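Quick notes on the structure that follows.
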Amino acid sequence: MPTLHDQVQSRRTFAIISHPDAGKTTLTEKLLLFGGAIRDAGTVKARKTGKYATSDWMEIEKQRGISVTSSVMQFDYNDFRVNILDTPGHQDFSEDTYRTLMAVDSAVMVVDSAKGIEDQTMKLFKVCRMRGIPIFTFINKMDRQGKEPLELLAELEEVLGIETYPMNWPIGMGKDFVGIYDRFNNRIEQFKSEDENNRFLPLNEEGELEVEHELQESPLYEQTLEEIMLLSEAGNEFSKEKIANGTLSPVFFGSALTTFGVQTFLDAYLQFAPEPQARMSTSGEVDPESQDFSGFIFKIQANMNPKHRDRIAFLRICSGKFERGMSVNLSRTGKPINLSSSTQFLADDRNTVNEAVSGDIIGLYDTGNYQIGDTITTSKDMYQFERLPQFTPELFVRVTAKNVMKQKHFHKGIHQLVQEGAIQLFKTVRMEEYLLGAVGQLQFEVFEHRMRNEYNVEVLMERIGSKVTRWVEADKVDENLHSSRSILVKDRYEKYVFLFENEFALRWFNDKNPDIELYNPMDIK
């Protein structure tokens, strides 16, 4: 039996981040294909055929061809156990993505070769840099016409402020795409090769083709050699240390849709990506190979199986070994919990898991015990891991059930979906009306869709616009301070919150009520 040390060292846990449509979910599918986890990759675009991406399990994702929830997938490949977290690309679901990034040890950034660095990519990249986690870059869609590779490298370095090292280099692009010059493995990988055994062409010590090949007659070959020479003389040096601390990103070129360059990327990624790292807690660093089991809840998802109306809490294991049936302590409450029902994922396909170690992501069946950010541990010292980021909601709606006879289903649905963290619930102090707050409009649309399809409740949502949200540093507040420009509400934890019409209304309130302390508890805007 492998030791705990061997098991932990074999784990690689990463998130795939990108702007929408860069090919993130398609890349995830192809990685699963190489891991033997699936036999047939369904791309997001193939909706008419009824073949959907494995990581897009929610009905609304299949209809729209977008990812709106983080998916967790695990597979084995070359003595490694890989945990992939495919995150939502849509900016309205950034909060789910940010929390997911707290649960990984590295990130893979997918960049569309035609569009370069886009807004959402930049935001997510900053979170990775903030955590100091290694970032690997996959520049996708080389089989289409896009920006020049040198321009893309310059953009990565200038816009994101990170050094880059191209592990391979494209030979042509679009219709003229021939393949990649693999600097790391000292070979050329052909994009289209009639003989699979001759897909790889070896290079000599000078970095030129070792054997005669028709490619040598192409001007693209000469251009590639010149660019490789330029990269060698003027580019950054390869550095394992800089990769490990997140200041240098290895760059790979390829095409996820055609599966080209994906295995080359995966092999190199597994070689240089970090194993599970120590995590900061209220009691200091927690060693992943500690005998005490610990982990934190970074996501809660209701109704992954609509037939069973279940609720799953996603746990990142941070130390020790999980064994089904073990007893742990929930640090927030101090209460013991028996972990008898647990599962591992391939999107919505699930298997009961009996053992897992640090770095793994498992699902715990939840009857309402857990909250996002909860720490569980077998340690007598009931420490807590770092608090997970939460967004300040900016858009608000007033929500009611269309059919008053369905109040029970309405309340159950709204409370379960709020616990997932995509939307926030507030209740007005005077009328006790329900208000929902979110970062983006799509979150409301998903909420409405899920209430209808998962809880059989039609809801009415009345927009009340954007608000500036501030919490109140007090147990009691004069309810007469409520006005049309500063609505007084309570959040789901019964804390007082003011929803101001705009920044001017906030400043006016501060001037008139200097004794009332307002604050914003959110970490990331």
Side-chain angles (χ1 to χ4, degrees), residues 68-70 87-102 119-120 122-131 297-300 371-374 386-399 414-415 417-429 433-447 461-475 477 481-510 513 516-525:
V68 297
T69 179
S70 298
T87 61
H90 199 285
Q91 62 182 11
D92 285 7
F93 291 84
S94 301
E95 194 166 349
D96 193 19
T97 301
Y98 280 138
R99 285 196 287 259
T100 298
L101 288 173
M102 301 295 281
D119 291 345
Q120 186 68 356
M122 208 180 314
K123 288 178 185 175
L124 299 174
F125 171 83
K126 286 178 180 175
V127 179
C128 296
R129 281 298 297 272
M130 186 175 70
R131 285 202 54 221
I297 306 294
F298 67 92
K299 175 182 173 64
I300 292 173
Q371 294 178 10
I372 289 173
D374 274 350
E386 293 174 274
R387 193 159 71 90
L388 298 186
Q390 189 180 17
F391 279 19
T392 305
E394 296 170 6
L395 301 177
F396 291 84
V397 296
R398 188 176 285 108
V399 62
I414 202 168
H415 283 290
L417 296 183
V418 162
Q419 283 173 325
E420 293 182 12
I423 51 171
Q424 294 180 46
L425 177 65
F426 301 90
K427 204 185 312 183
T428 57
V429 171
E433 296 173 311
Y434 277 174
L435 304 183
L436 296 180
V439 176
Q441 178 60 31
L442 185 58
Q443 288 171 295
F444 295 134
E445 293 175 29
V446 171
F447 168 81
M461 292 195 293
E462 178 194 344
R463 289 189 187 187
I464 59 173
S466 60
K467 304 289 177 186
V468 178
T469 316
R470 290 294 181 273
W471 274 251
V472 184
E473 194 73 77
D475 293 330
V477 176
L481 292 171
H482 176 99
S483 73
S484 60
R485 299 178 65 195
S486 53
I487 304 170
L488 182 60
V489 298
K490 283 187 176 181
D491 66 12
R492 56 186 280 230
Y493 305 112
E494 292 294 305
K495 293 186 179 295
Y496 283 102
V497 184
F498 276 107
L499 307 181
F500 294 102
E501 193 175 66
N502 48 38
E503 290 286 349
F504 176 80
L506 168 62
R507 289 194 296 272
W508 187 89
F509 183 92
N510 278 329
N513 304 281
I516 296 180
E517 201 173 326
L518 302 175
Y519 69 100
N520 180 359
M522 311 313 181
D523 294 332
I524 298 174
K525 294 180 182 177

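Remember, predicted model here, so these are calculated numbers, not experimental data. Start at 1 with the first residue, then count along the sequence.
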Using side chain to side chain contact (heavy atoms under 4.5 Å, CB included), reason through Tyr434 and Lys427 one step at a time and then give a plain yes or no.
CA-CA 5 Å; Tyr434 277 174; Lys427 204 185 312 183; 3.8 Å; yes
What's the verdict on side chain to side chain contact (heavy atoms under 4.5 Å, CB included) for Phe498 and Leu506, showing C-alpha distance, side-chain angles and the deciding distance?
CA-CA 9 Å; Phe498 276 107; Leu506 168 62; over 6 Å; no
Under the side chain to side chain contact (heavy atoms under 4.5 Å, CB included) criterion, do Val418 and Gln424 qualify, and how do the steps go?
CA-CA 6 Å; Val418 162; Gln424 294 180 46; 5.9 Å; no
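Here the straight-line distance linking atom NZ of Lys299 with atom CE of Met102 works out to 16.0 Å at 0.5 Å rounding. A distance of 5.5 Å separates OG1 in Thr392 from CH2 in Trp471, rounded to the nearest 0.5 Å. Going from atom CD1 of Ile300 over to atom CG of Asp374 covers 7.5 Å, rounded to the nearest 0.5 Å. In this structure, Leu481 CG and Leu488 CG are separated by 7.5 Å, a value rounded to the nearest 0.5 Å. Going from atom OH of Tyr493 over to atom CG of Leu425 covers 10.5 Å, rounded to the nearest 0.5 Å. Atom-to-atom distance recorded for Leu518:CG and Phe500:CZ is 5.0 Å, nearest 0.5 angstrom.
Side-chain contact between Phe426 and Lys467 is absent, with no heavy-atom pair separated by less than 4.5 Å. Within the 4.5 Å cutoff, the side chain of Phe447 has heavy atoms near those of the Met461 side chain. Side-chain contact between Phe444 and Val399 is absent, with no heavy-atom pair separated by less than 4.5 Å. Contact check for Val497 versus Leu499: side-chain heavy atoms found under the 4.5 Å cut-off. Looking at Leu436 and Ile414, their side chains come closer than 4.5 Å, going by heavy atoms from C-beta outward.
Pairs engaging residues 492-501 under the salt bridge (Lys or Arg N to Asp or Glu O under 4.0 Å) rule: Arg485-Glu501, Lys490-Glu494 [sequence neighbours left out].
Taking both residues in full, the closest heavy atoms of Phe298 and Thr100 are given as CD1-CA, 4.1 Å, listed atom of the first, atom of the second, then distance. Between Leu395 and Gln441, the shortest heavy-atom contact is CD1-N, 3.7 Å. For the pair Gly437 and Pro393, the tightest heavy-atom approach, listed with the atom from each and the gap, is C-CB, 3.6 Å.
Within a 6.0 Å sphere centred on CD of Glu473, other residues, nucleotides and ligands contribute more than 12 heavy atoms.
When atom types are taken as modelled, the side chain of Arg398 and the backbone of Glu433 share no donor-acceptor pair closer than 3.5 angstrom.
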